[in-house]
Amino acid sequence: MKPFAAFALALVSACTQVPEGPPPTLLEFPAMRSFATATSTPPQRPNSEIAQDFLDLVFRMESGQPLAALTRFEEPITVSTVGQVPTQMSRDLDLLLARLRSEARIDIRRTENPNASIVIETVSQRQMQRAAPNAACFVVPRVQSWSELQRSGRNGALNWGTLTKREHAAIFIPTGIPPQEARDCLHEELAQGLGPLNDLYRLPDSVYNDDNIHAVLTGFDTLILRVFYDPELRNGMSRSDVAARLPSILARLNPRGQHGGGQTVRLTPRTWINAMETALSGRGSEASRRTAAARAIDIGNQLGWRGAREGFAYYAYGRLQISNDASQALNAFNAANIAFAQSPTTDIHAAHVAVQMAAFTLISGDAQTTIRIADQAIPVARRHENAALMALLMMFKAEALDMQGNTDAGMALRLDSLAWGRYGFGSRDEVIERLNEIASLRPQEPPS
């Protein structure tokens with residue numbers, strides 16, 4: 001999992017000198033805001049597509065390794081926490097478990113018993129970096145503690161492919177990360193610890209996707225988990241066994257999906273995945289990463305892709321062009337917007353692009369377009385529970401309102417962005433830094 005906050009302001013940091021010190025106006029920080037209830041949308045795609053997605057998610061690992069059998073926990077499932085678990089993280093875990101009970105119909109509860117089915121342990125960022133330098137957080141089978149993980153690292157116990165059923169798993173999350181990042185880890189890792197182990201780039205509406213666009217479980221995800229724990233399925237079933245039962249299970253659980261019009265599933269070739277992994281890795285030169293993103297675009301074009309994968313490749317390419325060629329970056333973001341506009345399932349993808357577009361329009365002094373972009377994207381970010389994204393968009397709109405002379409409205413919105421920013425970015429200093437970055441994008445007024 002790669003936190004959104006790490007790249008959200010790529011354009012800002014590339015184009016500006018961040019001023020030192022407090023923002024232009026001293027602000028009294030409001031209390032942190034967070035999300036109380038989920039508003040997930042039921043899956044919009046037909047059951048025929050969802051059935052294929054389920055099989056590809058369940059019977060293959062992210063590495064491409066096939067899995068011979070379905071494995072899951074026997075209910076009831078218990079979850080315990082170990083280490084420094086902040087109050088907000090504990091609250092977010094309770095909200096997540098409530099969703100798993102109500103939406104996925106999984107019998108899952110917290111316990112104080114150390115012998116829980118799933119143990120969530122917080123460890124230092126230094127420990128996390130040593131164990132998994134490219135992961136923000138992770139889940140492993142068979143162990144129940146960090147110390148047990150260290151002892152099991154080389155004996156094959158951590159291989160999901162050797163399981164015949166799931167009895168224990170551990171999720172490791174670093175301390176000191178923003179509340180939203182900790183919550184995102186809970187959603188993604190618990191979803192994989194409980195259910196499918198694969199991610200598919202083709203899914204526009206799921207956390208089971210390496211693009212990391214979705215921050216919390218979607219309606220598609222909770223349906224997948226509900227199917228995963230349906231009484232018609234059991235541990236040890238083969239792909240063909242599960243495939244034979246899926247149509248009746250999905251018809252019962254998702255009657256709204258019993259319609260035609262679905263698209264033919266187009267598998268994502270390993271060449272495209274490798275190119276995107278290189279582009280997003282943070283390793284290698286910027287030029288090599290740009291080349292990799294361009295290669296992903298070319299592969300998608302050759303395959304005739306439209307939609308989420310096409311848009312994501314353009315989005316990645318745009319971010320990598322920001323410090324190299326701003327016009328190329330803008331062209332790529334426009335192409336991403338066109339791709340994401342084709343379906344309501346990619347509205348959150350378009351909202352991510354909106355941050356970059358708002359930076360361009362603010363730099364150019366176009367306050368009205370900046371406000372329009374923010375007004376379209378803020379409700380989407382709120383609906384998808386992405387406080388970091390929402391705070392950034394609010395900050396852009398606040399600056400644009402100031403440019404129009406509407407300073408009272410700008411200040412009110414800026415204060416609201418701080419409250420959401422505390423959840424999305426963590427410390428006050430982090431929030432103030434982003435506020436300063438966005439403020440510095442405004443065109444300088446000519447001296448009087």
Side-chain angles (χ1 to χ4, degrees), residues 2 4 6-16 201-202 204 211-213 268 271-282 284-343 345-377 380-381 389 392-393 396-397 399-400 437-438 440-443:
K2 306 172 193 69
F4 168 80
F7 56 77
L9 280 183
L11 178 59
V12 176
S13 60
C15 297
T16 65
Y201 271 110
R202 72 172 185 256
D211 66 10
N212 298 298
I213 292 292
T268 307
T271 52
W272 190 91
I273 294 173
N274 291 342
M276 289 303 298
E277 287 178 348
T278 299
L280 299 171
S281 66
S285 67
E286 285 262 325
S288 65
R289 294 171 63 200
R290 286 194 298 270
T291 299
R295 185 163 60 251
I297 292 172
D298 288 341
I299 293 170
N301 287 339
Q302 291 168 17
L303 294 171
W305 282 351
R306 296 292 180 266
R309 285 174 293 189
E310 176 198 19
F312 187 62
Y314 276 112
Y315 176 52
Y317 183 68
R319 290 194 292 108
L320 291 165
Q321 280 289 6
I322 286 167
S323 60
N324 180 63
D325 187 328
S327 63
Q328 287 268 33
L330 182 57
N331 289 338
F333 292 138
N334 281 325
N337 261 336
I338 292 170
F340 293 146
Q342 297 175 33
S343 170
T345 61
T346 47
D347 60 351
I348 185 61
H349 302 66
H352 281 259
V353 180
V355 169
Q356 308 296 342
M357 301 302 291
F360 274 104
T361 56
L362 192 68
I363 288 170
S364 68
D366 189 347
Q368 190 57 45
T369 301
T370 304
I371 291 170
R372 178 179 57 78
I373 290 171
D375 282 344
Q376 290 175 346
V380 177
L389 178 58
L392 293 174
L393 291 162
F396 277 110
K397 182 179 177 180
E399 292 301 324
E437 287 174 340
I438 293 173
S440 67
L441 289 178
R442 281 175 55 182

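Model, not experiment: these values are computed from the prediction.
- Heavy-atom minimum distance, Leu320 versus Ala279: CD1-O, 3.7 Å.
- Summarising the geometry, atom OH belonging to Tyr315 is positioned 10.0 Å from atom CG belonging to Asp211; distances are rounded to the nearest 0.5 Å.
- Legend: residues meeting side chain to side chain donor-acceptor pair (under 3.5 Å) with Gln368, ordered by chain and number and at least two apart, are Gln404.
- Counting heavy atoms from C-beta on, the side chains of Thr370 and Glu399 never come closer than 4.5 Å.
- Note: Ile338 CD1 to Arg306 CZ = 10.5 Å, rounded to the nearest 0.5 Å.
- Side-chain contact of Asn331 with Gln328: a donor-acceptor pair under 3.5 Å is absent, judged by distance alone.
- Residue Tyr201 holds its OH atom at 5.5 Å from CD of Glu277, rounded to the nearest 0.5 Å.
- Residues Ala313 and Ile297 approach most closely at CB-CG1, 3.8 Å, considering heavy atoms.
- Leu330 has its side chain out of reach of Gln356: every pair of non-hydrogen atoms, C-beta onward, lies at least 4.5 Å apart.
- Note that CD of Glu310 and CZ of Phe340 are 8.5 Å apart. Values are rounded to the nearest 0.5 Å.
- Of all heavy-atom pairs spanning Gly311 and Ala336, the tightest one is O-CB, 3.5 Å.
- Taking every heavy atom of both residues into account, Ala326 and Phe360 meet most closely at O-CZ, 3.6 Å.
- By the 4.5 Å heavy-atom criterion applied to side chains, Arg295 and Ile299 are counted as neighbours.
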- From CA spacing to verdict: side-chain contact (heavy atoms from CB on, under 4.5 Å), Tyr314, Phe333: CA-CA 7 Å; Tyr314 276 112; Phe333 292 138; over 6 Å; no

- Message: Apply side-chain contact (heavy atoms from CB on, under 4.5 Å) to residues Leu280 and Arg289 and explain how you reach the verdict.
- Response: CA-CA 7 Å; Leu280 299 171; Arg289 294 171 63 200; 5.7 Å; no

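- If you take NZ on Lys397 and CD1 on Ile438, they are separated by 14.0 Å, rounding to the nearest 0.5 Å.
- Legend: side chain to side chain donor-acceptor pair (under 3.5 Å) pairs involving residues 332-343, not counting sequence neighbours, sorted by first then second residue: Ser343-Thr345.
- Interatomic distance, Leu362 CG to Ser440 OG, rounded to the nearest 0.5 Å: 9.0 Å.
- Shown here are the side chain to side chain donor-acceptor pair (under 3.5 Å) partners of Asp366, two or more places apart in sequence or in another chain: Thr369.
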- Task: Might you work through the side-chain contact (heavy atoms from CB on, under 4.5 Å) test for Phe396 and Thr361, ending with a clear yes or no?
- Result: CA-CA 10 Å; Phe396 277 110; Thr361 56; over 6 Å; no

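- The heavy-atom pair separating Gly307 from Ala339 by the smallest distance is O-CB, 3.7 Å.
- Heavy atoms only, all atoms of each residue included: Ile273 and Thr268 are closest at CG1-CG2, 3.6 Å.
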